[in-house]
Structures are given as C-alpha cells and as structure tokens.
Amino acid sequence: MLNELTPMMKQYYEIKQEYKDAILMFRMGDFYEMFMEDAEIASRELEIVLTAREAGKGRKVPMAGVPYHAVDSYIAKLIENGHKIAICEQVEDPKTSKGLVKREVVRVITPGTAIEQSILDEKKNNYLIAIYQEDREYGLAVVDNSTGEFYIHQFSNEKGEIELINEISIWQPVECLWNQDFNRNKLSKSIKNILNPLITVVDNQWIEYEESSKFVEEKIIAEELQIIKEKNYNLAYKAACILVTYLIKTQKSKPEHINNISLFKTNQYMTLDQSTCRNLELTRTIMTNKKQGSLLDILDQTVTAMGSRLLANWIERPLINLTLIQERLDSVEGLFTNTIERKKLQRSLKQIYDLERIISRIVLERANAKDFIALKNSLLCIPDIKETLSKLTPQLLKDINAKIDPLTDLVKLIEQSIVDDPPFNLKEGGIIKPGYSKELDKLREASHSGKRWLAELEAKEKNETGIKSLKVAYNKVFGYYIEVTKPNLHLVPARYERKQTLVNSERFITQELKEIENLILSAESRMNEIEYELFQEIRASISCQAARIQQTAKAIAVLDVLVSLAEVASINRYTKPIIDLSDEIIIKDGRHPVVEKTNITDGFIANDCYLNCSDNQILIITGPNMAGKSTFMRQVALIVLMAQIGSFVPASEAKIGIVDRIFTRVGASDDLSTGQSTFMIEMNEVASILTNATPKSLLILDEIGRGTSTFDGISIAWAVTEYIHNHPNLGCRTLFATHYHELTELANLLPRVKNYSISVLEKGE
C-alpha cells in the first residue's frame, strides 16, 4: 500500500503509525492538515469542511485543515473533547530543502499536559495522575504540568483504597495513566464513572526508562527521599517515573520546570470523601456542577489566578495542625483590622499575572515575548507589596514577605531587551529594543537606509521618465519592482527589464533596484535571525531563575488567599473563631455562608450549636419539611471547615475543637450504572462512615433509613445511633436529622444523646 501513495502521503502515513492514539496535525505551508479518520473527527467536532486529497494511483482520502495562525482555538476544542493532538511541523526551510520537506512531531498535546492559556481554565488546576498497582498496594503521582507542582503518595490495603479514591476525587484529574494491574481493578471503573478522564494504560517499560528514573531521584527533596526509602514507598516512586516518562515522550523534552517532587502528607489535612465534598457543595453545586452557589464562590475574592486555584485547594484540604491554622487566622485578622493595607495589597496583587504558568511556558520554550512583558509588569508590583507587608506583624505575613523575591535582575533584563508591546510571532522581528544589540542596530540602520533609498529611487525615476503614476512596490513572489500603468508604457526607458504583465499595468526591475533589494532583504532576514537568537538567550537567562520565580509565585498566591479571606470576613460580618484541641464545637448565632447570601429578602435566622463528646455528643434533630434541618447541619459542617482552613466564620462566636474528618450522609438516588438501589448506596455509605470515623470526627446524618420500609428504617437509624454512642473507638460528634420521631426516645436511654427540634412560624393554615 505504501508504494502506491504519493511521497507526501507516504510521509504522513509513516508518522501517523507512531501516533495512532492522537489526531495528527500535519503542517503544510500556512495550514495544519488532517487526513483519513483524523479529518473526519476534526470535521465533525470543529465544524469545518471535510474535503479530499489525492493520495496516489487515483485514490483520494478525506482531508480537513485549519490555518496555523488560528490553530490554538481548534486544539482547545479537541482537547476539551478528550483527544490527544500530535503537532507535526516542517523542520526544514522549504526554500533550502531539496525534494520533500522533512517533518517531525514536535509535541503531543493531551488534556493533562496542556500549558496553553487558550486551553486551560486559569482558576483551576489541570492535573494529570499516574497510578501503579502491585497486589493491594498503590503508588499515586500527581502533576500539574502548567504550574510544575508534583506530588507522590502510597496507599495500601482496603482502607488505603478508600483514601486513594477520596484523593483522586479531590484532585479531579483530566487525564490518568495506570498499569495493567490497576486497569483490571474495579477501582479504575469507579474513577471512570466519577471523572470520565482520558485514560492511557502503560506497560512496565515506562518505569524502567532511565532518563525519567534519574530525573525523579534528583527532584525528590533529600529528607523526603529518606522517608520514601524508610517506608518502602517504591510504588509511589514508580508512579512518578510513569508520569515523567509520559511528559518526556509527549513534550519531547525533560520537564525542567518541575523543581521538586513532594511527598503528599495526607495526615496534615482533614479527610473529606467525595460524598462530603459533593453534599457540602464546597467548590461546585450539586444542581449545576458549577462554582456559582458553592462555598468557593462565597469565599473567592482573590484577584490573581494563582490565588484562586490555591483557595480551592485550601477549601478541599482543611488543616488539622493547630499551629498552622492559628498562623492563618492571625494573618487574616491582621489584614482584616488593617483595612488601608489590605486595600493597597489588593490593588497591587490585581496587577500580577499568572506567574506559575508563565514561568512554566518559558522553561518549556512555549512562551512568546508578551509573556516576558507580563512577567516584568508583575515583578514591578512586588516592591509595593513588600513595603505594605513590612507594616504588618503576623508571623505568616512576615514569612511571606521574606519569600517574595523582587527579581530586580530579571526586571532590568526584560526592560532593556524587549519592546513594550511585542508581536506574538517570534520569527518575524519587532521584539528587541534598539540599543540592546550593536549588530542588530547596524542591520536596522542598513534596512532603514535601503527603504530611504527606495523612496529616493521612486522620486528619481518619476523625474527622469516623466511617469507621474510610477511606483516602487513589493510582494513576496517578485520582491521589489517598478509598476507602470499601460497608458505610460511608451515612456519606459530601455534599461527597465520587464518582470510581469498585468491587465492594467506592467512590472519592471532595474540593476539599481536589485542592489537595493539585496541589501534590504538580506538585512531583514539577518535581523529576524538575530532577534530570535537574542530572544532564546533571554529566555534561557529567565529559565535559570525558575525556582526563584516559582517561590515568589507561591508566596503571592498564599497572600492573595489570606487577603481574600479578610475581605470576605469584612463584607459578610464574619468573626474570628477560637481553635483548640478540645472535643467541643460551640457556635453562637451561626449562619449558612451560602444560604444567607441567597436569602436576602427574608433574612437568615441564625442558630446556636453545642456539641461535645461528654454530654452533647449526638443531637437528634426533628421538625417539618423545609424547616431548615439540613441547612442547620450543613452550616455547622461548613463553619468547622472554614475555621480549619484559617477563615473567619459566619457566627457571632465560635469555638472549634479540631475535627479530623467530616462525613455526610445526605439523600441518595439509584445508581443504575452499578446496579445499586437507593437503599444499597445508603447502607454502603453508612458502613463506610462507621468503619472510618474516629472520636475526632464530625458526622452529618440526614434521614438514615429512608430507602426502605418505615419499620426497617427506624430499626436501622436506631442501631446506627446506638453504635456511634456505645462503640469504644467511635463516640464522635454527630448531628442526626430524622422524621422518625420514635428516635427521640433514645435521649432517655443514652446519656450523650440530646433532642432538638426546628421551630416554625405558622401563618393561617
């Protein structure tokens, strides 16, 4: 078959064989062409015309194409729909190559490796994960290629499997890599059902790839490498190797923007399972699956993309370390009480671009000159930020100030070298400032002189020939020429050499014009080469400082989140909670942070809550439908969670004994895909809660036992309450809403159970 193809189609077919799982975008002049099945997919999903191309021996194949200058928007749409894109470029200059132009795939873009602004949501991380399984042990590696964040962890046994799924549901990866063993595991089906990511099943050769294993070893922090060896976390190490191999294979270079690989310490954070994140609507609502109406929506007053991403991360990973929580709360208080400084910081932070993603693009050689200007303009704001921070006393704000590097050397470099408004295209000049390169300045002078000579030549020729309409012009095909209209052709001198005949005019060249053309075009060609060389040198200089920029970016993100939390506290009348290691949760005049913002007309009716493990452990809450039982329970959970991320809370007073896990069991429906009824889902969730909760946990149970008959439902709810109360390893703080009024009898039988009811105001009937 190959022998029957045209040379170009043969070249395409050979390259396509290496990238069967990707849409191959094949550069041909000013277009990227796609053929055969790729063309049909592109035509359908991009709504572009499907045509045909001669493939040899009278055979035609489907073809679709997109212009190279607009390719980003088309790639974004294909990536959004879960495709991989292999970008195949002309790696030779068509002007100098003999025969067929050499082409190579320079990069494969996938949902999890994309770094382009046009593809990514600036307010969300873009995670790619790898899972490596052996027996019932699992290594997990997570990377955001657009920011350089890289984490690893290892899980074992049944409890570890639950933790693994919880972690993955929080990371929300857009793409997953895993080995054959995990692909056969039912957990892989759970991930597909929850997230529907792009999946690649890899073999063991990916782990043995020498370049990636060496890279992983170099990038793991020394003390963490020691922990990995002590705990025998070799599966986490293998998962990291899979990720790095994938990045090298798809990006055609080492991911040098990854400065360290960190061991993700799950024991530093409150455990939130997928069900709890969903039921509490932390970052997305149940109804729309969008940010609007979630807790994140209420708390997000950040002004940088980095801050917005970090805030979502904080909300899904509340702290359980008292010292760290207190540091955050003290910093929010410092910003809350110093309104002038807070507003100054907001104004400065608003000028800062997405430093994390800019430096990644620079290191990966995907940046344009506009990224350099965005970097410079961001860094110019830093002295003001540092000066404002120096006036604030909380320790965390002092630490942030110490980590923020003004990077004045890079500001100076970009200021001296790059024009203020550079073009997008890197190879057509117009990027480098006058005075930065003597050689470039000389060539520019020669080019300008040539253009001045052209103007003088045109005036001279008009004068000598008497042709007033004569003009000197340029196009890419013929270069510079003299154009004379037909009525004036009799005035053309013999020294003019005819070049082209048009309908209304003729074009000529002269020896003098050829000499000027050579000077101008050779100068412009060399100028463009020098500008691109200088751009590459500047890019390399900035890349060397990636670690400094990333440290500054992280510090700026933390500052932005703290300023946001202080601003929200000021706007919404939140108060600073007291956090301690007791078993008490005391909330005075608590409000639901989201519902109070949406229920403006009637006003939100605040409620108190008192929970502990000694005499108010389980609160049985009754009341009619729509009375607010669920709202009350969720608001308690959200107030606890807000306090542990370091936020002020919607209450007049709050004292929170640190909670290690929040579990919610709220309403369910059948899951036909896994063949589970409402009752089965409910029982599985309750069993998981009773197995994994600890004395430091907070349980939110809403209407347990609804999925079966009334008598059985009461029996189950009764037994669950007794178990939470009596089990020596449980005894945790619990809010239990029910319509089974029989459960109120438990308050007479179990000393730590208390009855509460939601009172309602009746109007007429």
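The figures that follow rest on heavy atoms only: side chains count, while hydrogens, waters and symmetry mates do not.
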Ion pair present between [X] and [Y], side-chain N to carboxylate O less than 4.0 angstrom?
X	Y	result
Lys219	Glu256	yes
Arg309	Asp354	yes
Lys265	Glu224	yes
Arg357	Glu122	no
Arg665	Asp702	no
Lys291	Asp300	yes
Arg136	Glu161	yes

Any chance the side chains of [X] and [Y] put a donor and an acceptor closer than 3.5 Å?
X	Y	result
Arg548	Gln551	no
Ser188	Asn183	no
Ser253	Gln251	no
Asp273	Thr276	yes
Ser688	Thr691	no
Ser564	Thr302	no
Glu356	Gln550	no
Asn125	Glu149	yes
Thr113	Asn145	no
Asn321	Gln268	no

If you draw a 6.0 Å radius around NZ in Lys290, do more than 12 non-hydrogen atoms from other residues or ligands fall strictly inside? no
Which atom names give the shortest non-hydrogen contact between Val332 and Gly646, and what distance separates them? CG2-O, 3.4 Å
Should Thr271 and Asp660 count as side-chain neighbours, where that means a heavy-atom distance under 4.5 Å? no
Option passing side-chain contact (heavy atoms from CB on, under 4.5 Å) with Tyr246 (candidates Leu128, Val143, Val108): Leu128
For His153 together with Phe155, are the ring centres under 6.0 Å from each other? yes
Do any N or O atoms from the side chain of Glu175 and from the backbone of Gly112 form a donor-acceptor pair under 3.5 angstrom? yes
Treating Gln154 as the side-chain partner and Ala236 as the backbone partner, does any N or O pair qualify as donor plus acceptor under 3.5 Å? yes
Using a 6.0 Å distance limit plus a 45 degree cone around the ring axis, check whether Arg317 lies over the aromatic ring of Trp171. yes
